[in-house]
Amino acid sequence: PQPAEHSPKIRKRTLKGHLKPVLCLAHSSERLAYYPNPGGNSTSSSSSSQQQTHHHPSLLLSGSEDGTARLWDLRTRRTSLCMVIPRNENDDENGNNEVTSVAFHPSIAEERQQTHNVTHNDGGGECNDGLLPLHHHDCTVYASTANNIYGYDLRHHSSTTASTSPIIKTPHFDLSPLFQCSDEINQLSFSFPKRNDGSSGKYFLSAADDSGEAHVAECVPHRYEQQQSPPNTTTAKNHKTFYHAEPETMAITSSAIFQPRTNNDSYLATGGTDCTIKLWDVAKPRRHPAATIQIKPAVSENTTQLCNPPYVHSLSWSPSGHLLAAGIGDGSCAILRAQGRRLVEIGRLGKDDGGHGSAVAAVCFAGFGLCDQLSSKVRKSGEAEDRLMISAGNDGNVIFWDLGGDIVGSGPVDPVVYLGRYLSPPLSDATQEEGTATRVHGNTNGRDGVKDATTTAHAMMDSLDITSQNGKNSKNKNKCKGGKAHSSGKNDDFPEDSIMPSPPKILFQIAHRQKPNWITCSRASDAILPTSLFVADTTNTISVYTLPL
């Protein structure tokens, strides 16, 4: 038996405040992974420091079945602002509007010059951690409930409310007439313009709903003053509807997200319960998909994957925008590559790879930003961290995957290279005796081997259960379509047989023990909770798993 490859030491925290299960999350730093120079600076030395001030990466937004959206003060782990969503005729039988999706407006950095050297009264003087004091609330947020979308200009709230009330009962914008969604909204997503310094007002906002449609509007209001302009400023001509699923299929659009880092910032990927993933150019007058991928049931010996249909529950773009991951209802994760206006499925990770035993509810490319110290070329392309993906399944497990060079090519960096300092070395026999060792026998890369899963008592905090694995991949020949390594890096000129095999594998997994609803990550530049995974599930709390610096 081989010792466990990694024994990650991860700390768990919880955020308590919602009265009912938390359905959705958004972290204000999650978009930073998709820009080469956060903060708009040209030098890497200043980029890191400016990134914190310009983008305020320590804000977490959540939505719940209790009819509220909450902005969290992560310093104290308490609610900073609570937005009570308006009730309407579509309220559920308990009289509450479930908040199904939340989002930060991309121009969160718009007033960075005015607030760069701000001081506050908490301790006197300037914020030493480089973050704006939370009572400035320098952002606009959006929340969806039923088929409605509401916006809240938190700058306006903080500047006009004398008592600085932590509760907001009236939204500043009602975008429902603009979007004209006919059914419950599942996800809100903003596009990624080439500049992220707040100087551009051209953003697309999409809303995926249960009618099988994706609605898109351009230049939605984000400042309260915009509401004082003539009512026709934001007209219906800016609204477009894209029909992901045919009406007769009764399928829903479960996810819709814009592609980052492209020459055209109007590419939108959608997925739904019709078992398809589609790519759209929302700027084109024609409303037909540029690409359509039919997700077929995973080839597996697992009965769960054979029985459950391959519905698409969740989508996530990699930091480079080259890869698209999909959480599938049969318990697998589909990996697709974007090639211009085409999508190509290049890999599938399932139960036979040590993956989930039931539907994958959420996927996320972490984009921690741990490779920002690499060369400017690697940093600009954004592909350095394309191999690190996180999936959360209804089996209660959260898995950290290394997608491997066989699938994603030689350009991205092996996650072990930049996660090495977060992961402890293999445990000694004495240490293993203090914890619980579980060995799973199987076949690894075509050779008889043993995959050890070791959980140690000293690696757990707050009853955290972490499993470290040696990444079994018994069916690697099926993971790379066509049997070739998809290389996008400097190894393209070398013969294929000279490239060392790098199959997908599991770095480690966390036994979360609850069905997840949403996951998101914070950047390494976050001064409060860096390199953290936030998980919303069927409980009233939000779990935070932090890789310790």
Side-chain angles (χ1 to χ4, degrees), residues 21-26 61 63-65 67 69 85-92 96-103 105 141-151 171 173-191 203-218 220 234 236 238-259 266-282 287-289 292 295 309 311-316 326-327 329 359 361-363 517-518 536:
V22 183
L23 300 178
C24 52
L25 298 171
L61 186 65
S64 167
E65 289 182 6
I85 306 301
R87 297 180 180 181
N88 54 55
E89 64 274 9
N90 293 323
D91 287 353
D92 63 23
N96 290 326
N97 274 346
E98 296 182 353
V99 180
T100 55
S101 183
V102 291
H105 192 276
V141 300
Y142 301 85
S144 66
T145 176
N147 61 339
N148 301 304
I149 304 174
Y150 300 106
F173 320 110
D174 183 358
L175 304 181
S176 309
L178 171 62
F179 279 83
Q180 305 173 25
C181 296
S182 58
D183 212 331
E184 184 174 79
I185 296 170
N186 295 310
Q187 185 173 16
L188 300 176
S189 173
F190 275 99
S191 62
Y203 299 92
F204 294 104
L205 174 62
S206 68
D209 67 20
D210 279 356
S211 66
E213 301 170 350
H215 300 261
V216 177
E218 183 181 349
V220 298
T234 306
N238 292 326
H239 168 267
K240 293 183 179 180
T241 301
F242 298 88
Y243 300 93
H244 172 86
E246 297 298 330
E248 60 270 16
T249 65
M250 303 295 291
I252 71 173
T253 307
S254 53
S255 182
I257 55 174
F258 281 96
Q259 183 182 11
S266 59
Y267 287 160
L268 177 73
T270 60
T273 56
D274 60 346
C275 307
T276 67
I277 298 174
K278 297 181 180 181
L279 186 66
W280 312 77
D281 186 347
V282 301
R287 302 181 189 182
H288 300 288
T292 300
I295 302 299
Y311 295 153
V312 180
H313 293 308
S314 175
L315 296 174
S316 177
V363 290
N517 289 323
W518 208 285

Criterion side chain to side chain contact (heavy atoms under 4.5 Å, CB included) against F242, the qualifying member of V282, D281, T253 = V282
Any donor-acceptor pair under 3.5 Å linking the side chain of T292 with the backbone of K278?
-> no
Side chain to side chain donor-acceptor pair (under 3.5 Å) filter on S316, not counting sequence neighbours, yields none
Check for a donor-acceptor pair, side chain of T273 on one end and backbone N or O of I252 on the other, with a separation under 3.5 Å.
-> yes
Polar side-chain atom of H239 near backbone of F179 as donor-acceptor pair, under 3.5 Å | yes
Report yes if some heavy atom in the side chain of I295 is under 4.5 Å from a heavy atom in the side chain of I277; otherwise report no.
-> yes
Measure the shortest side-chain to side-chain distance between V220 and Y203 over non-hydrogen atoms and say whether it is less than 4.5 angstrom.
-> no
Would you say the side-chain atoms of N97 pair up with the backbone N or O of A146, donor to acceptor, closer than 3.5 Å?
-> no
S101 side-chain N/O to L188 backbone N/O, donor-acceptor pair under 3.5 Å = yes
Non-neighbouring partners of D274 that pass salt bridge (charged side-chain N to carboxylate O under 4.0 Å, His left out), sequence neighbours left out = none
Rounded to the nearest 0.5 Å, how far apart are CZ of F173 and NE2 of H105?
-> 8.5 Å
Test item: side-chain donor near acceptor, Q187 and S255, under 3.5 Å = yes
Considering residues at least two apart in sequence or located in another chain, which fulfil the side chain to side chain donor-acceptor pair (under 3.5 Å) criterion with S176?
-> N148, D174
Could I get the full list of side chain to side chain contact (heavy atoms under 4.5 Å, CB included) partners for E248, not counting sequence neighbours?
-> E246
For Q180 and P177 the tightest heavy-atom approach is CG-O, 3.2 Å
Pairwise distance CG(N517) to OG1(T100) - rounded to 0.5 angstrom | 11.5 Å
Indicate the atoms forming the closest heavy-atom contact of V216 with S206, along with that distance.
-> CG2-CB, 4.0 Å
F204: ring-ring contact (aromatic ring centres under 6.0 Å, His included) partners, not counting sequence neighbours | none
A69 to V99 - nearest heavy-atom pair and separation = N-CG2, 4.3 Å
Shortest non-hydrogen contact between L178 and A217, atoms and distance = CD2-CB, 3.7 Å
Minimal non-hydrogen separation, T270 against A214, with atom names = CG2-CB, 4.1 Å
Separation of L175 CG from I149 CD1 (nearest 0.5 Å) = 6.0 Å
Find the distance between NE2 (H244) and CG (D209) and round it off to the nearest 0.5 Å.
-> 11.5 Å
Tell me, please, which residues at least two apart from W518 pass ring-ring contact (aromatic ring centres under 6.0 Å, His included).
-> none
Y150 OH: over 12 foreign heavy atoms closer than 6.0 Å | yes
Shortest non-hydrogen pair, A361 vs S314, comes out as O-CB, 3.5 Å
Kindly compute the distance separating OG (S254) from CG (L315), expressed to the nearest 0.5 Å.
-> 6.5 Å
Can you measure from OG (S64) to CD (E98) and round to the nearest 0.5 angstrom?
-> 8.5 Å
